[in-house]
Amino acid sequence: MIGEIRDRETAEIAIRSSITGHLVLSTLHTNDSAGAITRLIDMGIEPYLVSSSVVGVIAQRLARKICDNCKIEYDASKREKIILGIDTDEPLKLYKSKGCAVCNKTGYRGRIPIYEIMMMTPKIKELTNEKAPADVILNEAVSNGMNTLKESAKKLVLSGVTTVDEMLRLTYDDAY
């Protein structure tokens, strides 16, 4: 286990350990799972070493949960339906909170993870060897069935666990 890969030297140690048969677990700061591949290459690790040593990448964030004590239901706005990919004519109930003493007037209490898991498929290994950009790698992973951070957060919004604003904050989606 390596606490965090921040530089080339640490990345090289992780890669060497991995290609000699050890399971290496570490953290690496990126915006999503595909970004881990390009980050390692940017650190100076040869793409063929990345593709042969990385088995999978998990990206995760902690989403704030709506306070159950002051949680209220409301009709989703047109904007929220568009963000969630829901037909704007379809009725949709979402949840928010008004703030109370239990949540210290924040509206949130506790956290829950959102995550995406990208497995290194033969095609993703090929893209890695070609030094493909992170968005190309991400698109390939999604086409293979990977759920993105946004999709993970969307499920929590639709189940009333967190808010659209929290989803947007965590998934860097400011297009709306």
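- How far OG of Ser53 is from CZ of Arg16: 12.0 Å, rounded to the nearest 0.5 Å.
- Follow the hydrophobic side-chain contacts under 4.5 Å out from Tyr115 and you never reach Ile124; the two are in separate clusters.
- With salt bridges taken as basic N to acidic carboxylate O contacts below 4.0 Å, none links Glu140 and Lys123.
- With Ile37 as the partner, the side chain to side chain contact (heavy atoms under 4.5 Å, CB included) test is satisfied by one option alone out of Lys131, Lys125, Met120: Met120.
- Residues Glu166 and Arg169 are paired through a salt bridge, judged by an N-O separation under 4.0 Å between the basic side chain and the carboxylate.
- In this structure, the separation between CD1 on Ile72 and NZ on Lys98 is 6.0 Å, given to the nearest 0.5 Å.
- With Asn104 contributing its side chain and Thr106 its backbone, the two residues share no donor-acceptor pair below 3.5 Å.
- Distance check: Ile114 CD1 to Leu62 CG gives 9.0 Å after rounding to the nearest 0.5 Å.
- Atom OG in Ser97 sits 9.5 Å away from atom CG in Asp68 (nearest 0.5 Å).
- Within the 4.5 Å cutoff, the side chain of Cys100 has heavy atoms near those of the Asn69 side chain.
- Hydrophobic clustering places Met146 together with Val136 (ILVMFWY residues linked when any side-chain heavy atoms are closer than 4.5 Å, directly or through intermediates).
- Here side chain to side chain donor-acceptor pair (under 3.5 Å) pairs that include residues 30-50, with residues two or more places apart or in two chains, are Ser33-Glu116.
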> Does the pair Thr27 and His29 meet the rule for a side chain to side chain donor-acceptor pair (under 3.5 Å), with working shown?
Replying inline: CA-CA 7 Å; Thr27 60; His29 291 277; 5.1 Å; no
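- Looking at every heavy atom in both residues, Gly160 comes nearest to Lys71 through O-NZ, 2.6 Å.
- From Lys155, atom NZ reaches atom NZ of Lys150 across 14.0 Å, with rounding to the nearest 0.5 Å.
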>> Evaluate Leu158 against Leu84 for side chain to side chain contact (heavy atoms under 4.5 Å, CB included), listing each step before the verdict.
In response: CA-CA 9 Å; Leu158 294 174; Leu84 294 168; 4.0 Å; yes
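- Residues Ile83 and Arg79 form a side-chain contact, since some pair of their non-hydrogen atoms from C-beta on lies under 4.5 Å apart.
- Other residues, nucleotides and ligands contribute at most 12 non-hydrogen atoms within 6.0 Å of the CD atom of Glu9.
- In terms of heavy atoms, Ile82 sits closest to Thr88 at CG1-CG2, 3.7 Å.
- Inter-residue side-chain proximity for Tyr95 and Thr163 is flagged as unmet; no heavy-atom pair is nearer than 4.5 Å.
- One finds a salt bridge joining Arg8 and Glu12 here, because a Lys/Arg side-chain nitrogen approaches an Asp/Glu carboxylate oxygen to under 4.0 Å.
- Proximity of Thr10 to Glu4: side-chain heavy atoms (C-beta onward) are nowhere separated by under 4.5 Å.
- Two residues are said to be in side-chain contact when any heavy atoms from C-beta on lie closer than 4.5 Å; Thr171 and Thr148 fail this criterion.
- Asp75 pairs in a salt bridge (Lys or Arg N to Asp or Glu O under 4.0 Å) with only one of the listed residues (Lys93, Lys81, Lys96), which is Lys93.
- Nearest heavy atom pair, residue Val24 against residue Ser17, reads CG2-CB, 3.7 Å.
- When all heavy atoms of Val54 and Val57 are compared, the closest pair comes out as CG1-CG2, 3.9 Å.
- Met119 and Leu40 sit in two unconnected hydrophobic clusters of ILVMFWY residues. Membership requires side-chain heavy atoms under 4.5 Å apart, directly or through other members.
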>> Between Thr162 and Ile112, is the side chain to side chain contact (heavy atoms under 4.5 Å, CB included) condition met? List the steps.
In response: CA-CA 9 Å; Thr162 195; Ile112 189 166; 5.6 Å; no
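- Within the 4.5 Å cutoff, the side chain of Ile137 has heavy atoms near those of the Met118 side chain.
- With a 6.0 Å cutoff to the six-membered ring centre and a 45° limit on the axis angle, Lys65 does not count as a cation-pi contact of Tyr108.
- Ile13 and Met1 end up in different hydrophobic clusters when Ile, Leu, Val, Met, Phe, Trp and Tyr side chains are linked at under 4.5 Å.
- Contact record, Ile5 with Ser26: CG1-OG, 3.3 Å, taken as the closest heavy-atom pair.
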>> Pair Asn147, Ser152 - check side chain to side chain donor-acceptor pair (under 3.5 Å), show working.
In response: CA-CA 7 Å; Asn147 286 319; Ser152 180; over 6 Å; no
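- Contact annotation: the side chain of Val50 approaches that of Ile41 to within less than 4.5 Å [non-hydrogen atoms, C-beta and beyond].
- The structure places OG1 of Thr128 at 12.0 Å from CG of Leu49, a figure rounded to the nearest 0.5 Å.
- The cluster map of Ile, Leu, Val, Met, Phe, Trp and Tyr, joined by side-chain heavy atoms under 4.5 Å apart, puts Leu28 and Ile58 in different clusters.
- When side chains are defined from C-beta on, Leu170 does not count as touching Leu149, because their heavy atoms never get closer than 4.5 Å.
- The main-chain N or O of Val102 is found under 3.5 Å from a side-chain atom of Arg109 such that the two form a donor-acceptor pair.
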